[in-house]
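Each remark here refers to the structure printed beneath this line.
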Amino acid sequence: MKIVVLAGGRSTERNVSISSGYRITNALRQKGQQATFIDLFLGYDLEGKTVDQVFDDANTSKDLKISDAILTDADINKLRIDGSTQLFGPNVLAICKAADIVFLALHGGDGENGKVQATLDLNNVKYTGSGPLASGITMNKVFSKEVMLYHGIQTAAFKEFKRNQNGKHTVPFDFPVVVKPTSGGSSVGTHIAHNQEELENGIADVFRFDNSAIVEEFTPGREFSLGVVNGRAFSAIEIKVHSGWYDFKHKFQAGYTDFITPPKNLDESVHQAMKDVSLQTMDVLGLQNYGRIDFFANDKGVWVIEANNLPGMTPLSLLPQEAEADGVEYGDLVMDIINGKLKLYAEGMTEAGIMTTANHWNK
């Protein structure tokens, strides 16, 4: 198959996406596929090549180390030599149209919020993951938590603050609280606030990345994540940081965190509850093909932190570790994701998840 691995883009998680993209491209080529890595924002200089010849370009890399720098819009704009800030770089859409399918290795921002998915839909381009509506709902933590709460899925209490709100920010629960960008990932701009001053500082920092901040009641407990691929819930992975909490550094720099899968000393009923809630969360949010659900577990049950519609595929990412623990090696995982989505296209079911959610709302 001719496969575009679309990565990079304009998100604060750009470097994470590039790491995922290179690893996916290498795995697909090892599986005998004509895979090519394309940076969504920087595009591809054809230099006299035809579009089809791009798929013979083994433009992969073994440098998978992720920089811990948090990229701003200004940083990313400087990377584009033509001075343009449009999301789709030169020749990107034309190359995607020539592919049998596009593997979306994008993370955060315009990679996961449905804009890219909508553009590909409008151009009849097949791609992995969920559609634009489910992606947009899932990327927005306020919208996704409201849907989850409506369906009885346990998640932390929260309050949203917009950039244009003036005065002191007050929350209806006690400190500590968790402050996050409403639409973001990889813990970029995320803070744990223990008092009002830290809350105000955290919200101010969020507004560097987003126009909306979500403040959540702190949920104590053990931290887990659980991936779902084509309706199969993998064994959960427990996340144990050596110190502090599971922030950007702990997620993508080696040596700061222990990942344990399957989890040890976890009651099987709790593990099964996470699997059941993962499938339910995927369903009510309209997510298809694959995703990952993050949890806290304590004596009051399992609590969904958030859903991820395009989980990371880097060397330290959680979904590949879970799959491997359940006997699915990385290359097979990547092919399972592609073949699962192609099956949905063949069956005319690429909007089935969205329709399912709509049916739930109408009950």
Side-chain angles (χ1 to χ4, degrees), residues 1-9 13 15-40 44 52 54-66 95-96 98-107 111-112 120 125-130 225-237 251-252 254 259-262 278 282 287-293 308-346:
M1 283 187 287
K2 293 179 179 178
I3 302 169
V4 166
V5 179
L6 202 57
E13 297 173 69
N15 290 333
V16 180
S17 169
I18 290 171
S19 179
S20 286
Y22 278 140
R23 194 177 186 210
I24 292 165
T25 307
N26 288 331
L28 287 171
R29 285 192 166 270
Q30 290 168 7
K31 288 289 186 180
Q33 306 300 324
Q34 286 182 279
T36 187
F37 175 100
I38 301 293
D39 190 310
L40 171 67
Y44 188 97
D52 284 337
V54 173
F55 295 92
D56 296 321
D57 184 359
N59 54 349
T60 54
S61 170
K62 294 182 179 179
D63 180 15
L64 297 173
K65 183 176 175 60
I66 300 172
I95 296 170
C96 289
D100 295 304
I101 192 167
V102 174
F103 196 111
L104 294 181
L106 299 162
H107 304 313
E112 293 188 75
L120 296 180
V125 175
K126 296 182 176 69
Y127 56 88
T128 56
S130 300
S225 188
L226 198 149
V228 176
V229 176
N230 301 326
R232 175 185 178 182
F234 287 119
S235 296
I237 188 168
K251 288 180 177 180
F252 301 112
F259 303 102
I260 305 163
T261 183
S278 290
M282 291 278 292
L287 295 174
Q288 290 189 308
N289 190 201
Y290 77 118
R292 200 191 74 232
I293 314 299
N308 303 268
N309 59 309
L310 291 178
M313 297 288 284
T314 75
L316 291 181
S317 291
L318 305 178
L319 175 61
Q321 293 186 65
E322 296 169 43
E324 185 176 356
D326 280 6
V328 181
E329 63 93 16
Y330 189 89
D332 289 337
L333 172 64
V334 171
M335 289 305 303
D336 286 348
I337 290 169
I338 289 172
N339 290 327
K341 189 60 186 287
L342 286 174
K343 184 173 184 289
L344 290 174
Y345 277 114

*Apply side chain to side chain contact (heavy atoms under 4.5 Å, CB included) to Val54 and Ile38, showing your working.*
CA-CA 10 Å; Val54 173; Ile38 301 293; 4.2 Å; yes
*Check the pair Leu104, Val5 against side chain to side chain contact (heavy atoms under 4.5 Å, CB included), reporting the backbone distance first and the verdict last.*
CA-CA 6 Å; Leu104 294 181; Val5 179; over 6 Å; no
*Step-by-step side chain to side chain contact (heavy atoms under 4.5 Å, CB included) determination, Phe55 to Val4*: CA-CA 8 Å; Phe55 295 92; Val4 166; 3.8 Å; yes
*Report the C-alpha separation of Lys126 and Leu342 in whole Å, then their side-chain angles, then the decisive distance to 0.1 Å, and conclude whether the side chain to side chain contact (heavy atoms under 4.5 Å, CB included) test is met.*
CA-CA 8 Å; Lys126 296 182 176 69; Leu342 286 174; 3.9 Å; yes
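Using a 4.5 Å heavy-atom threshold, the side chains of Thr36 and Lys2 count as separate. Counting heavy atoms from C-beta outward, Phe234 and Val229 have side chains that approach closer than 4.5 Å. Counting only heavy atoms from C-beta outward, the side chains of Pro311 and Ser225 never approach each other to under 4.5 Å. Side-chain contact between Glu324 and Leu333: absent, with no pair of heavy atoms (C-beta onward) separated by less than 4.5 Å.
More than 12 heavy atoms of other residues, nucleotides or ligands lie within 6.0 Å of CD in Gln34, so this atom counts as buried by the packing criterion.
Heavy atoms only, all atoms of each residue included: Leu28 and Ala35 are closest at CB-CB, 3.6 Å. The shortest non-hydrogen separation linking Ala236 to Thr261 is O-OG1, 2.9 Å. Scanning both residues, Gly21 and Ala7, for their nearest heavy atoms gives CA-CB, 4.1 Å. When every heavy atom of Gly9 is checked against every heavy atom of Leu106, the shortest pair comes out as N-CD2, 4.4 Å. Across every non-hydrogen atom of Ser20 and Thr314, the tightest pair is OG-CG2, 3.4 Å.
The residue from Asn230, Asn309, Thr128 that alone fulfils the side chain to side chain donor-acceptor pair (under 3.5 Å) condition with Asn289 is Asn230. Of the options Phe103, Tyr44, Tyr22, a ring-ring contact (aromatic ring centres under 6.0 Å, His included) to Phe37 is made by Tyr22 and by none of the others.
Residues that satisfy the side chain to side chain donor-acceptor pair (under 3.5 Å) test with Gln321, not counting sequence neighbours, are absent from this structure.
Side-chain atoms of Gln288 never come within 3.5 Å of backbone atoms of Ser130 as a donor-acceptor pair (strictly under, hydrogens ignored). Counting only distance, with no hydrogens or angles, the side chain of Asp39 and the backbone of Gly8 share no donor-acceptor pair below 3.5 Å. In terms of modelled atom types and a separation under 3.5 Å, the side chain of His107 and the main chain of Glu112 share no donor-acceptor contact. Between the side chain of Gln33 and the main chain of Met1, a donor-acceptor pair closer than 3.5 Å is present. Although no hydrogens or angles enter the test, the distance criterion places a donor-acceptor pair under 3.5 Å between the side chain of Ser17 and the main chain of Ala105.
Note that OG of Ser317 and CG of Asn308 are 10.0 Å apart. Values are rounded to the nearest 0.5 Å. Interatomic distance, CZ of Phe259 versus CG of Leu316, reported as 5.5 Å (0.5 Å rounding). Of the inter-residue distances, the one linking Leu318 atom CG with Ile293 atom CD1 reads 12.5 Å to the nearest 0.5 angstrom. Atom CE of Met335 sits about 12.5 Å away from atom CD1 of Ile24, to the nearest 0.5 Å. In this structure, the separation between CZ on Arg292 and CD1 on Ile237 is 9.5 Å, given to the nearest 0.5 Å. Here the CD1-CD1 distance, from Ile101 to Ile337, works out to 10.5 Å after rounding to the nearest 0.5 Å.
Note: Tyr345 and Tyr127 have perpendicular aromatic rings, judged against thresholds of 30 and 60 degrees for the angle between ring planes.
Applying the side-chain hydrogen bond (donor to acceptor under 3.5 Å, both in side chains) test to every pair with at least one member in residues 330-342, sequence neighbours left out, gives these pairs: Lys31-Asp332.
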